[in-house]
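Take a look at the structure below.
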Number of protein chains: 2
Amino acid sequence: MNKSYRQGQILQLVRSRSLRTQEELARALRAVGVRATQVTLSRDIRELGLLKTAEGYARPTESAAPAGPDLATVLREFLLDVRVAQNLLVLLTPPAHASSVAEALDQAAWPEITGTVAGDNTVLVIAPTAKKATSLREKLMRFLG
Amino acid sequence: MNKSYRQGQILQLVRSRSLRTQEELARALRAVGVRATQVTLSRDIRELGLLKTAEGYARPTESAAPAGPDLATVLREFLLDVRVAQNLLVLLTPPAHASSVAEALDQAAWPEITGTVAGDNTVLVIAPTAKKATSLREKLMRFLG
DNA sequence: TATTATTATTCATTCGACTGAATAATCATT
DNA sequence: AATGATTATTCAGTCGAATGAATAATAATA
């Protein structure tokens with residue numbers, strides 16, 4: 001299995017739940033189809049710069065948010081409209097600001113967001129299901145004030 | 001000697017003067033400090049998509065796309081995650097590499113891929129059906145190792 | 001402190017990208 | 001067609017990144 005893919009899964013896992021030992025992490029990885037030994041995870045954790053906290057492994061707070069503006073700020077400033085179509089959301093922004101919004105949403109890493117693709121003044125947000133797309137819309141609309 | 005450096009020198013050489021055979025190219029390379037055999041140059045020329053013209057090797061006229069790397073190579077190198085949502089796939093890549101992956105997938109022209117849209121670090125892949133999206137995910141995952 | 005659990009390191013192995021020598025295949029010329 | 005020139009392919013070897021088993025080092029706990 002691919003190293004960068006494995007490390008990406010590690011980052012997603014430690015963000016979403018509490019993994020206190022490397023063996024525990026190994027089991028969690030296996031559950032998502034990634035086989036790795038404790039030796040490999042020890043190296044990955046060092047390369048990723050993860051820290052062992054009381055709640056388990058985590059990214060250090062500084063590197064986790066590399067100088068991006070707050071999600072609420074970005075949305076309040078740039079989000080003009082939110083439209084739903086099936087499991088998709090179309091977000092409208094002022095010209096040239098779609099990527100900022102998409103970037104901020106990616107950082108947030110909400111489970112209702114499978115992924116985003118930004119154009120110039122439009123962000124396409126892919127949700128897992130139509131139902132989640134709808135609730136995601138409401139969540140986003142609340143930022144509009 | 002580094003492969004991409006060598007290929008860069010090849011591109012510069014064939015643009016600046018007339019090199020009619022691979023042996024001739026080998027001599028020109030040696031003059032700029034790059035040692036390579038005809039075997040290697042044969043491979044480089046194919047990878048770079050050079051054509052043999054009456055005036056020597058040259059890049060195809062800009063209409064033809066500069067042949068991108070092999071799909072398997074691109075995916076192994078850049079594919080970080082594959083998520084499914086209905087009939088859509090969301091591929092995550094390192095920043096700035098989404099278009100390479102989308103390009104390579106477009107070239108492959110698989111029937112399970114209706115189309116792709118690339119952002120900066122995200123490729124949206126549209127599949128005909130949810131079922132095909134799922135099997136496409138497995139097909140892509142196999143490239144990861 | 002002693003014992004157990006957890007993590008890091010060493011050593012050897014595997015794997016794939018890259019390359020060249022030998023050679024096969026193709027092209028050009030007569 | 002025959003010959004010589006040119007290019008492509010096969011096979012084997014090298015090299016470095018990645019990995020795991022064994023084990024050392026460290027941390028946690030009784």
Side-chain angles (χ1 to χ4, degrees), chain A residues 1-11 13-14 17-60, chain B residues 1-11 13-14 17-60 67-81 94 97 100-101 104 140-145:
Chain A
M1 180 61 63
N2 190 269
K3 178 179 171 180
S4 49
Y5 178 80
R6 182 185 64 242
Q7 295 192 346
Q9 293 299 311
I10 290 173
L11 290 179
L13 284 170
V14 299
R17 59 173 131 151
S18 180
L19 295 165
R20 291 192 157 75
T21 72
Q22 295 179 2
E23 293 294 351
E24 203 174 344
L25 176 55
R27 284 192 294 276
L29 283 169
R30 181 162 308 154
V32 295
V34 176
R35 187 175 120 298
T37 65
Q38 176 266 323
V39 179
T40 297
L41 298 183
S42 170
R43 284 187 277 243
D44 284 340
I45 285 168
R46 184 178 25 166
E47 288 176 25
L48 293 171
L50 299 185
L51 298 180
K52 188 172 186 175
T53 71
E55 293 77 34
Y57 287 100
R59 303 194 69 162
Chain B
M1 179 63 63
N2 187 270
K3 177 179 173 180
S4 50
Y5 176 79
R6 182 185 64 241
Q7 295 192 345
Q9 292 299 310
I10 291 174
L11 289 178
L13 285 171
V14 299
R17 57 172 131 152
S18 180
L19 296 165
R20 291 191 156 76
T21 72
Q22 295 179 2
E23 292 294 351
E24 203 174 344
L25 175 55
R27 282 193 295 275
L29 282 169
R30 176 158 308 195
V32 296
V34 177
R35 184 174 107 342
T37 65
Q38 175 266 324
V39 179
T40 297
L41 298 183
S42 170
R43 284 186 278 242
D44 284 341
I45 285 168
R46 177 168 30 130
E47 288 176 25
L48 293 171
L50 299 184
L51 299 179
K52 189 174 186 177
T53 71
E55 293 77 34
Y57 287 101
R59 303 194 69 158
D70 180 58
L71 174 64
T73 305
V74 173
L75 293 180
R76 240 196 322 279
E77 194 163 1
F78 295 139
L79 188 56
L80 299 186
D81 199 4
H97 287 104
S100 316
V101 173
L140 289 173
M141 292 293 289
R142 282 197 284 278
F143 281 96
L144 295 181

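First the proteins, then the strands, lettered A, B, ... as listed; each starts at 1. From a predicted model like this one, the values you see are computed outputs, not experimental measurements.
Side-chain contact between A:Arg35 and A:Leu29 is absent, with no heavy-atom pair separated by less than 4.5 Å. Between A:Lys3 and A:Glu47, the closest side-chain pair of non-hydrogen atoms falls below 4.5 Å.
Atom P of nucleotide D:dA8 and atom CD1 of B:Ile45 are separated by 7 Å, given to the nearest angstrom. To the nearest angstrom, P of D:dA8 lies 13 Å from CG of B:Leu48. Taking atom CG on B:Leu41 and atom C1' on D:dT9, their separation rounds to 15 Å, with Å as the unit. One atom, CG of A:Asp44, and another, C1' of C:dA8, lie 13 Å apart when rounded to the nearest Å. Across the protein-nucleic acid pair, A:Glu47 atom CD and C:dT9 atom P stand 12 Å apart, rounded to whole Å. A:Arg30 has its CZ atom 10 Å from the P atom of D:dG20, to the nearest Å. The CZ atom of B:Arg20 sits 12 Å away from the P atom of D:dT6 (whole-angstrom rounding). The OH atom of A:Tyr57 sits 10 Å away from the C1' atom of C:dA8 (whole-angstrom rounding).
With hydrogens and angles ignored, the 3.5 Å screen pairs a side-chain donor or acceptor of A:Asn2 with a backbone N or O of B:Arg76. For A:Ser18 (side chain) and A:Glu55 (main-chain N/O), a donor-acceptor pair under 3.5 Å exists by modelled atom type. Distance alone, capped at 3.5 Å, is enough to place a donor-acceptor pair between the A:Glu24 side chain and the A:Arg20 backbone.
Put simply, A:Gln22 has a side-chain N or O that comes within less than 4.0 Å of OP1 or OP2 on C:dA8. Here A:Gln38 does not reach the OP1 or OP2 of D:dA21: none of its side-chain N or O atoms lies under 4.0 Å away.
Of the candidates D:dA21, D:dT9, C:dG20, D:dT9 carries the atom nearest the B:Ser42 side chain, counting heavy atoms from C-beta on.
For C:dA5, its base never sits under 3.5 Å from the side chain of A:Glu23 at any donor and acceptor pair.
A donor-acceptor pair shorter than 3.5 Å cannot be found between the side chains of A:Gln38 and A:Glu23.
Mapping B:Arg76 and B:Arg35 onto DNA chain C by nearest heavy atom places B:Arg76 at the nucleotide closer to the 5' end.
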Where do B:Leu11 and B:Leu50 land on the side-chain contact (heavy atoms from CB on, under 4.5 Å) test, with the steps shown first? CA-CA 9 Å; B:Leu11 289 178; B:Leu50 299 184; 4.0 Å; yes
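Nucleic acid contact for B:Arg43: base, since at least one base atom lies under 4.0 Å from a heavy atom of the residue. At a threshold of 4.0 angstrom between heavy atoms, the contacts of A:Thr21 are confined to the sugar-phosphate backbone, with no base atom among them.
For the contact set between residues 1-11 of chain A and DNA chain D, defined by any heavy atom under 4.0 Å, the members are A:Met1, A:Lys3, A:Arg6.
Pair check for C:dA8 finds D:dT23; Watson-Crick or G-U wobble, both atom distances under 3.5 Å.
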